Amino acid sequence: MKKNEKFVITINRELGSGGRTVGRKLAEKLGVEFYDKALIKELEKKYRLSVEEIEKLKGRSHSWWSEFKRIMNLGSNTNASYYVPKTGDEPDLLTTDEMFEAEKEILKGIAEEESCVIAGRSGFYVFQKHPNHLSILIQASLPFRIERVARKQNMSEEEARKTIERVDKMRENYVTKYTKTSRYDTRNYDLVISADGKTEDELVDLILKFIG
């Protein structure tokens, strides 16, 4: 990946690996925007960004995402308001083919206009042909994930385990349905990292060293 050209970094992560925080910190270090699934879904819902509406926006402006950001006053910390806590990825239960296509168009529009870091399960697929794309998977052992989820979300270890199992299944079903591949297939990524024994800042430093 070339940092001096427009780029997109996508991060797939296992729940409890710290991947979302790593993505946000990485974006801060690189001086670019960070987007996650929660924000994209909120934009769809709040502004009714269907594929049809996105096509209308494109027809009005070649730089539709930049114009949309300006009108809606979206800034570098916008996504913080839309973080989905505790129950994790429940909105994905509502995903339809139309919503997935709208998400793809939104993500592509973002990457056309600016360098960015995107956390989400379909990013590696959406940008697989992008000329300057770095695809990352952040994993961790189950004990590491259980401890982190229990601590961060104030759960018992058993509750954390059940949450991880549910979200893992949900995310894998989502990826399999819409990309016809597994999110665990390492061939989908340029860099696969284990979070075990590392802080989030250390993970960010590893990625930055990989980028060079």
Side-chain angles (χ1 to χ4, degrees), residues 1-4 7-40 75-89 92 110 114-124 127 132-172 175 182-212:
M1 192 196 84
K2 300 175 182 177
K3 288 191 295 184
N4 59 340
F7 63 81
V8 57
I9 297 174
T10 57
I11 297 181
N12 274 49
R13 77 280 189 207
E14 291 184 308
L15 179 66
S17 68
R20 182 184 181 278
T21 303
V22 170
R24 178 178 54 78
K25 289 189 171 189
L26 178 64
E28 289 174 359
K29 288 270 189 178
L30 293 170
V32 300
E33 299 278 11
F34 172 72
Y35 300 98
D36 70 356
K37 199 80 169 181
L39 172 62
I40 300 304
S76 58
N77 294 315
T78 306
N79 63 305
S81 302
Y82 301 125
Y83 176 58
V84 180
K86 218 162 198 182
T87 50
D89 293 356
D92 279 342
I110 293 170
E114 61 183 305
S115 293
C116 56
V117 176
I118 296 171
R121 280 131 295 165
S122 61
F124 73 88
F127 296 108
N132 201 21
H133 169 217
L134 176 65
S135 181
I136 300 170
L137 173 65
I138 299 178
Q139 298 179 306
S141 65
L142 186 57
F144 179 98
R145 298 168 66 197
I146 290 173
E147 188 281 328
R148 191 176 189 278
V149 170
R151 174 168 45 85
K152 290 278 189 180
Q153 302 190 13
N154 195 28
M155 293 178 171
S156 69
E157 289 195 354
E158 184 58 27
E159 287 174 321
R161 180 189 295 275
K162 288 180 179 179
T163 298
I164 287 169
E165 289 174 353
R166 177 178 57 79
V167 173
D168 278 354
K169 183 176 180 181
M170 190 186 305
R171 288 181 175 178
E172 178 65 3
V175 169
S182 169
R183 72 190 183 108
Y184 300 109
D185 188 340
T186 56
R187 291 173 295 184
N188 292 319
Y189 309 100
D190 303 300
L191 179 63
V192 179
I193 305 174
S194 170
D196 287 70
K198 305 176 187 69
T199 66
E200 291 153 353
D201 289 327
E202 287 172 339
L203 292 172
V204 171
D205 288 340
L206 277 174
I207 296 170
L208 291 172
K209 286 178 182 177
F210 181 83
I211 295 171

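Please read these numbers as outputs of a predicted model, since none were measured by experiment. When a residue number appears, it is its place in the shown sequence, counting from 1. All heavy atoms count here, side chains included; hydrogens, waters and symmetry mates do not.
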Criterion side-chain contact (heavy atoms from CB on, under 4.5 Å) on Ile9 and Val32, from CA distance to verdict: CA-CA 10 Å; Ile9 297 174; Val32 300; over 6 Å; no
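- Side chains of Val8 and Tyr35 form no contact here, defined as non-hydrogen atoms less than 4.5 Å apart.
- Across all non-hydrogen atoms, the minimal contact from Ala140 to Ala195 is CB-CB, 4.1 Å.
- With a 4.5 Å cut-off on side-chain heavy atoms, Val175 and Phe124 count as touching.
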Verdict with reasoning, Lys25 to Val117, per side-chain contact (heavy atoms from CB on, under 4.5 Å): CA-CA 10 Å; Lys25 289 189 171 189; Val117 176; over 6 Å; no
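- A side-chain donor-acceptor contact under 3.5 Å links Tyr189 to the backbone of Arg183.
- Closest heavy-atom contact between Gly16 and Arg148: O-CD, 3.1 Å.
- No side-chain N or O of Thr199 forms a donor-acceptor pair with one of Asp201 less than 3.5 Å apart.
- Interatomic distance, Thr21 OG1 to Leu26 CG, rounded to the nearest 0.5 Å: 12.0 Å.
- Under the rule for a side chain to side chain donor-acceptor pair (under 3.5 Å), Arg161 has no partner lying at least two apart in sequence or in another chain.
- A donor-acceptor contact shorter than 3.5 Å links the side chain of Arg145 to the backbone of Leu15.
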Criterion side-chain contact (heavy atoms from CB on, under 4.5 Å) on Arg13 and Arg171, from CA distance to verdict: CA-CA 10 Å; Arg13 77 280 189 207; Arg171 288 181 175 178; 4.1 Å; yes
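- With rounding to the nearest 0.5 Å, the separation of CD1 in Ile118 from CD1 in Ile11 is 10.5 Å.
- Looking only at distances, no side-chain donor or acceptor of Glu14 sits under 3.5 Å from a matching main-chain atom of Gln139.
- Looking only at distances, a side-chain donor or acceptor of Lys3 sits under 3.5 Å from a matching main-chain atom of Gly212.
- Side-chain contact between Glu114 and Ile110 is present, with heavy atoms from C-beta onward closer than 4.5 Å.
- Counting heavy atoms from C-beta on, the side chains of Phe7 and Leu30 come closer than 4.5 Å.
- With Asp190 contributing its side chain and Ser135 its backbone, the two residues share a donor-acceptor pair below 3.5 Å.
- Of the residues Ile138, Val22, Leu191, Ile193, the one that meets the side-chain contact (heavy atoms from CB on, under 4.5 Å) test with Leu206 is Ile193.
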